2 protein chains.
Amino acid sequence: MRITTQGDYALKCILRIAADGPRGPVAISRIVEKEGLPLDYLEQLLLKLRRRRLIKSVRGVKGGYLLNAPAASISVAQVLEAVEGDVFELICGRKRKSGKSCKGSQGCVLKDVWKNLKKKIETYLDSVGLDELLKRSRCIHEKGRGPR
Amino acid sequence: MRITTQGDYALKCILRIAADGPRGPVAISRIVEKEGLPLDYLEQLLLKLRRRRLIKSVRGVKGGYLLNAPAASISVAQVLEAVEGDVFELICGRKRKSGKSCKGSQGCVLKDVWKNLKKKIETYLDSVGLDELLKRSRCIHEKGRGPR
DNA sequence: ATATACCCGACGTTTTTTGTCAAGATTTTA
DNA sequence: TAAAATCTTGACAAAAAACGTCGGGTATAT
């Protein structure tokens with residue numbers, strides 16, 4: 001398994017896009033400004049998100065990114081998978097120098113453990129939608145500016 | 001989060017120790033023979049397991065390793081933590097070049113996601129004991145040699 | 001046209017993981 | 001006591017992964 005800054009960055013990006021999207025395409029520069037992350041790196045992540053059709057892009061002046069589906073229908077799991085690949089690569093599957101990739105005497109009881117773990121992780125991450133995060137984040141920030 | 005071959009190797013080692021321990025200390029060479037893993041590397045992992053007091057060692061001829069507690073009281077989580085450190089290091093905690101480690105506009109709704117995920121992972125991994133794995137593995141292997 | 005902004009592949013650096021080595025300490029056994 | 005087996009430990013080397021940067025390209029609004 002592997003959850004790295006990529007996943008964290010990607011989520012921050014897409015959350016910002018979800019938050020500001022209603023007011024038009026969100027440029028990378030805007031995300032950088034708000035989140036303080038390396039622009040060139042984000043470019044790559046956003047590319048991946050687009051290829052997975054989680055976001056769409058608008059080129060040219062005034063361009064930027066927009067969600068490609070309602071926030072509620074995009075889950076944290078989807079975002080992570082888009083940028084990190086399979087969120088939990090089964091360890092048993094890895095190639096090792098020694099070759100014989102799972103021939104240990106334990107047969108592969110461990111494989112079951114990893115498989116179950118993967119399942120639990122995916123279930124949880126899939127249950128958290130961007131809409132939920134957005135709501136919570138608005139709750140936290142709540143500038144003075146009252147409800148409109 | 002980070003689960004690598006270290007964790008997998010360490011589990012294989014300790015399972016073998018659990019399996020063969022009853023017949024006396026289990027030498028690294030025996031583990032290598034059975035599991036086909038790099039000896040010098042295992043040495044390091046076993047050291048970590050020992051320091052965490054999950055196993056104990058016997059030096060000299062006929063020496064080797066033994067569980068330091070009943071298999072039932074050692075969980076997969078304990079083994080992984082021993083060799084990989086915190087099984088799920090909160091991403092928000094990491095230092096980044098840019099400094100300000102979590103100042104993004106999302107405050108840190110994400111922190112909650114990671115925290116919950118961590119909890120779920122730990123709960124599961126902590127619920128799986130070595131005894132259980134051992135039982136399953138015996139079930140799978142079941143040589144002709146009848147009971148007892 | 002020009003400025004803005006996405007597109008995308010290639011590259012370089014750093015960090016982590018994986019693996020190896022060598023010298024030492026302990027214990028059994030002959 | 002000498003030899004052999006076996007753990008102990010730190011240092012080092014190699015490989016892989018993650019992180020970040022760059023430069024040239026394409027599309028679009030003004």
Side-chain angles (χ1 to χ4, degrees), chain A residues 1-10 12-13 17 20 24-33 35-52 55-66 68 80 83-87 89 91 94-99 101, chain B residues 1-10 12-13 17 20 24-33 35-52 55-66 68 80 83-87 89 91 94-99 101:
Chain A
M1 160 129 180
R2 192 135 274 148
I3 292 185
T4 66
T5 56
Q6 272 187 93
D8 190 52
Y9 288 4
K12 281 176 176 164
C13 282
I17 292 169
D20 295 354
V26 184
I28 292 190
S29 55
R30 158 116 183 130
I31 299 175
V32 169
E33 183 186 301
E35 314 292 342
L37 303 173
L39 188 146
D40 290 309
Y41 197 31
L42 296 191
E43 232 170 24
Q44 295 178 55
L45 303 181
L46 290 168
L47 191 58
K48 289 182 186 176
L49 294 182
R50 186 173 63 82
R51 287 186 173 151
R52 283 295 190 99
I55 59 176
K56 59 191 167 190
S57 63
V58 179
R59 287 162 81 140
V61 177
K62 295 226 171 193
Y65 297 90
L66 292 169
N68 200 28
L80 290 180
V83 296
E84 315 239 36
D86 197 353
V87 178
E89 176 188 0
I91 288 178
R94 294 238 199 106
K95 275 276 192 293
R96 286 202 306 258
K97 255 190 183 172
S98 50
S101 80
Chain B
M1 158 128 181
R2 190 137 276 148
I3 292 185
T4 67
T5 56
Q6 271 187 96
D8 189 53
Y9 289 4
K12 282 175 175 162
C13 284
I17 292 168
D20 296 353
V26 183
I28 291 191
S29 55
R30 158 117 184 130
I31 299 177
V32 169
E33 182 187 303
E35 314 291 344
L37 302 174
L39 189 147
D40 290 311
Y41 196 32
L42 296 191
E43 236 167 21
Q44 293 177 56
L45 303 180
L46 289 168
L47 190 60
K48 289 182 186 175
L49 293 182
R50 186 174 62 82
R51 287 189 171 146
R52 282 295 190 99
I55 60 178
K56 58 191 167 193
S57 62
V58 179
R59 288 161 80 140
V61 177
K62 295 228 171 191
Y65 297 91
L66 292 169
N68 201 27
L80 291 180
V83 296
E84 316 240 34
D86 196 353
V87 179
E89 178 188 357
I91 288 179
R94 295 239 199 103
K95 276 276 194 292
R96 286 203 305 259
K97 257 191 180 172
S98 51
S101 80

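Note that the structure is a prediction, hence the values are computed from the model and not measured. Lettering follows sequence order; numbering is per chain, from 1.
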Measure distances between side-chain N and O atoms of [X] and base N and O atoms of [N], and say whether any donor-acceptor pair falls under 3.5 Å.
{"X": "A/Arg59", "N": "D/dT26", "result": "yes"}
{"X": "A/Glu43", "N": "C/dC8", "result": "yes"}
{"X": "B/Gln44", "N": "C/dT20", "result": "yes"}

Keeping the roles fixed (side chain from [X], backbone from [Y]), state whether a donor-acceptor pair exists under 3.5 Å.
{"X": "B/Glu35", "Y": "B/Cys13", "result": "no"}
{"X": "A/Glu84", "Y": "A/Ile3", "result": "no"}
{"X": "B/Lys56", "Y": "B/Asn68", "result": "no"}

Run through A/Val58, A/Ile28, A/Leu49, A/Asp20 and flag the one making a side chain to side chain contact (heavy atoms under 4.5 Å, CB included) with A/Tyr65. A/Ile28
Choose from [options] the nucleotide whose nearest atom is closest to any side-chain atom of [X].
{"X": "B/Thr4", "options": "C/dC8, D/dT6, C/dT18", "answer": "C/dT18"}
{"X": "A/Tyr41", "options": "D/dG20, C/dG24, C/dC7", "answer": "D/dG20"}
{"X": "B/Val61", "options": "D/dA4, C/dG19, C/dC21", "answer": "D/dA4"}
{"X": "B/Ser29", "options": "D/dT6, D/dT8, D/dC19", "answer": "D/dT6"}

Return the value, rounded to whole Å, for the distance between atom [atom1] of [X] and atom [atom2] of [N].
{"X": "B/Ile28", "N": "C/dT20", "atom1": "CD1", "atom2": "P", "value": "14 Å"}
{"X": "A/Leu45", "N": "D/dA18", "atom1": "CG", "atom2": "C1'", "value": "11 Å"}
{"X": "B/Leu37", "N": "C/dG19", "atom1": "CG", "atom2": "P", "value": "9 Å"}
{"X": "A/Arg30", "N": "C/dC6", "atom1": "CZ", "atom2": "P", "value": "13 Å"}
{"X": "A/Leu39", "N": "D/dG23", "atom1": "CG", "atom2": "P", "value": "14 Å"}
{"X": "A/Lys56", "N": "C/dC7", "atom1": "NZ", "atom2": "P", "value": "13 Å"}
{"X": "A/Leu47", "N": "D/dG20", "atom1": "CG", "atom2": "P", "value": "18 Å"}
{"X": "A/Arg51", "N": "C/dC6", "atom1": "CZ", "atom2": "P", "value": "15 Å"}

Residue-phosphate contact under 4.0 Å: [X] side-chain N/O, [N] OP1/OP2:
{"X": "A/Ser57", "N": "C/dC6", "result": "no"}
{"X": "A/Arg50", "N": "C/dC7", "result": "yes"}
{"X": "A/Tyr9", "N": "D/dG20", "result": "yes"}

Please classify the nucleic acid contact of A/Gly60 as base, sugar-phosphate, or nothing, using heavy-atom distances under 4.0 Å. base
Counting any heavy atom closer than 4.0 Å, what does B/Leu46 reach on the DNA or RNA strands: base, sugar-phosphate only, or nothing? nothing
Could you tell me whether the side chain of A/Leu42 reaches within less than 4.5 Å of the side chain of A/Leu39, counting heavy atoms only? no
Test side chain to side chain contact (heavy atoms under 4.5 Å, CB included) on A/Lys48 and A/Gln6 and set out the steps. CA-CA 11 Å; A/Lys48 289 182 186 176; A/Gln6 272 187 93; 3.2 Å; yes
First encountered from the 5' end of DNA chain D, between B/Asp40 and B/Ala27: B/Ala27
